[in-house]
Amino acid sequence: MNITRRHVLLLLPAAAVAWKSVLAGTPESAPNYTMTDHWWGMLIDVSKCIGCGNCVRACQAENDVPDGFFRTWVEEYHRTDWHLDRPQVISPDGGKEGFPPVSEDPDGIYFFVPKLCNHCADSPCTQVCPVGATFITPDGVVLIDQKYCMGCGYCVQACPYGCRYIHPTKHVADKCTLCYHRITKGLTTACCEACPTGARQLADLKNPKDPIHEFLRTHTVHILKPDMATGAKVFYNDLDGSVR
Amino acid sequence: MSVLKDAGHLFRFVGIFVVLFLIFLVVRGFVVPKTFGEYGHYRAAAIGEIAANPLHFAGHQACAECHADIVATKAAGAHAHVNCEACHGPLEGHVENPAAVVPVLPNTATLCVRCHEASAARPKGFPQVVAAEHANGVACETCHNPHSPAIGSGSNAGGAQ
């Protein structure tokens, strides 16, 4: 058969497609872990949080979070009866070393609110990324591909919860991974591991045996900024209306 | 046929377009990362890379494998649900190599007050003391065994762990 220029031209696209599949290779897979079997979230029981800062320190140790930046942090709220919607919020060094003791306020309440990435099902941060460097995994964890991120900071601005920052030395976006390297191995997150009161609990919403389901059925839980329809998966129990 | 005879310049135009498209496909094959688009508009391999991050906290299960006695003491007291590494810190290194990485005993002077120093912000039912009044400088573990903190469990009661 005579190969004409036309034949070559016809064959080239087929060759390109074939080569592409060679380049793609086989995807990496973790043994005994099927992403589609899980849908991760977290339960935070505000009424159990004692503001010790264990979670913040644990997170920084587990994930090498640079000083002054936080993947999780704790806020102390002081909500008075005069300003129900204007609480005073402090978070000295993210609550890492705890909080200065406060005395009883007859006209208001104090309480702690731990915060972290809400791993939103419809996250604004993943929608604004111009290069596809941040995404939600099939098991519901919002992650950052730091090799692909170019550090533009759009996602930092887009997160309504302020959970992202630009890493000071890597110059890429960084945030809570819900300890993805731990939960895929059957461990709980570092913050949940270190929480002495069980105020934080990792929850697998796709696991029918997870205690989260009974808890959600028997308690009235809230998410932060529900009006933004982010599909946040960090559920707060006993959350005061002043928390934003 | 006479129509096609005059359309030669169009075929050349289409030819150039096809060649440029093929160059685009080849360049794209080089610059688009492997596994991009496997699950969505991102590099699927990034998931595996993040999952391969090193552990620092070993988890309570790992502690219990060797320190079953302490876990039993703990299970009997108020600290039953406090994981070992909540106080002792991240110790995956110790699990990997118990001889080389020896945990530093936490200082109860700073450790206990982190949770138990009285503050109106803590939940009401949580046991709290004003350390300065409560102990008057006596170390916490004198009366309380940190693993099971009921009174009389401390070192001067002979129940220390």
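All values below come from the heavy atoms of this structure, side chains included, with hydrogens, waters and symmetry mates left out. Below, chain A is the first sequence line, B the second, and so on; all start at residue 1.
- The residue among B/Ala52, B/Gly40, B/Ala46 with the most heavy atom pairs within less than 4.5 Å of chain A is B/Ala46.
- Contact count versus chain B (heavy atoms, under 4.5 Å) is highest, among A/Pro101, A/Cys129, A/Ala190, for A/Pro101.
- Residues A/Phe135 and B/Tyr39 place their aromatic rings such that the two centres sit no closer than 6.0 Å.
- Taking non-hydrogen atoms and a 4.5 Å limit, the residue list of residues 110-122 of chain B in contact with chain A, ordered by number, reads B/Arg114, B/Cys115, B/Glu117, B/Ala118, B/Ser119, B/Ala120, B/Ala121, B/Arg122.
- Counted within 6.0 Å of NE2 on B/His41, heavy atoms from surrounding residues, nucleotides or ligands total more than 12; the atom is thus considered enclosed.
- If you measure heavy-atom distances from B/Ala62 to chain A, you find no contacts under 4.5 Å at all.
- Between atom CD of residue A/Glu193 and atom CD of residue B/Gln61 there is a gap of 10.0 Å, rounded to the nearest 0.5 Å.
- To the nearest 0.5 Å, atoms CZ (B/Arg43) and NZ (A/Lys147) are separated by 5.5 Å.
- Heavy-atom distances place both the backbone and the side chain of A/Ile50 under 4.5 Å from chain B.
- Here the closest heavy-atom approach between residue A/Thr184 and residue B/Ala51 is recorded as OG1-CB, 3.9 Å.
- Looking at residues two or more places apart in sequence or on another chain, you find no side-chain hydrogen bond (donor to acceptor under 3.5 Å, both in side chains) involving A/Glu104.
- Remark: the backbone N or O of B/Pro123 is not paired with any side-chain donor or acceptor of A/Lys48 at under 3.5 angstrom.
- Every ring-ring contact (aromatic ring centres under 6.0 Å, His included) that A/Tyr165 has, sequence neighbours left out, goes to A/Phe69.
- Residue A/Glu62 comes nearest to B/Leu55 through the heavy atom pair OE2-CA, 3.5 Å, listed as atom of the first residue, atom of the second, then distance.
- If you measure heavy-atom distances from A/Ile144 to chain B, the contacts under 4.5 Å come from the backbone alone.
- Heavy atoms closer than 4.5 Å to chain B are found in the backbone of A/Val131, but not in its side chain.
- Between the CD1 atom in B/Ile50 and the CG atom in A/Leu143 there is a gap of 4.0 Å [rounded to 0.5 Å].
- Of all the listed residues (A/Ala58, A/Gly53, A/Ser47), the one sharing the greatest number of non-hydrogen pairs under 4.5 Å with chain B is A/Ala58.
- Residues B/Phe36 and A/Gly132 come closest through the heavy atom pair CE1-O, 4.2 Å.
- The shortest side-chain heavy-atom distance between A/Asp64 and B/His56 falls under the 4.5 Å cut-off.
- The CZ atom of B/Phe57 sits 9.0 Å away from atom SG of A/Cys179, with the distance rounded to the nearest 0.5 Å.
- Interface remark: A/Cys49 contributes backbone atoms only to the contact with chain B (heavy atom separation under 4.5 Å).
- A/Tyr180 contributes atom OH, which lies 5.5 Å from atom CD1 of B/Ile47 (distance to the nearest 0.5 angstrom).
- More than 12 heavy atoms of other shown residues, nucleotides or ligands fall within 6.0 angstrom of atom CZ in A/Phe215.
- For A/Ile183, no part lies near chain B; criterion is any non-hydrogen pair under 4.5 Å.
- For A/Ser103, the part sitting under 4.5 Å from any heavy atom of chain B is the backbone (N, CA, C, O) and nothing else.
- The environment of A/His219 atom NE2 is dense: over 12 non-hydrogen atoms of other residues, nucleotides or ligands sit within 6.0 angstrom.
- Heavy-atom distances place the side chain of A/Glu97, and not its backbone, under 4.5 Å from chain B.
- For A/Thr197, the part lying under 4.5 angstrom from a heavy atom of chain B is the side chain only.
- One finds the CG atom of B/Asn83 at 8.5 Å from the OG1 atom of A/Thr188 (value rounded to the nearest 0.5 Å).
- When the heavy atoms of residues 84-104 of chain B are compared with those of chain A, the residues falling under 4.5 Å are B/Glu85, B/Ala86, B/Pro90, listed by number.
- For a residue to count as touching a neighbouring chain, one of its non-hydrogen atoms must lie under 4.5 Å from one of that chain's; by this rule A/Cys192 touches chain B with the backbone only.
- In this structure, chain B has heavy atoms under 4.5 Å from both the backbone and the side chain of A/Asp145.
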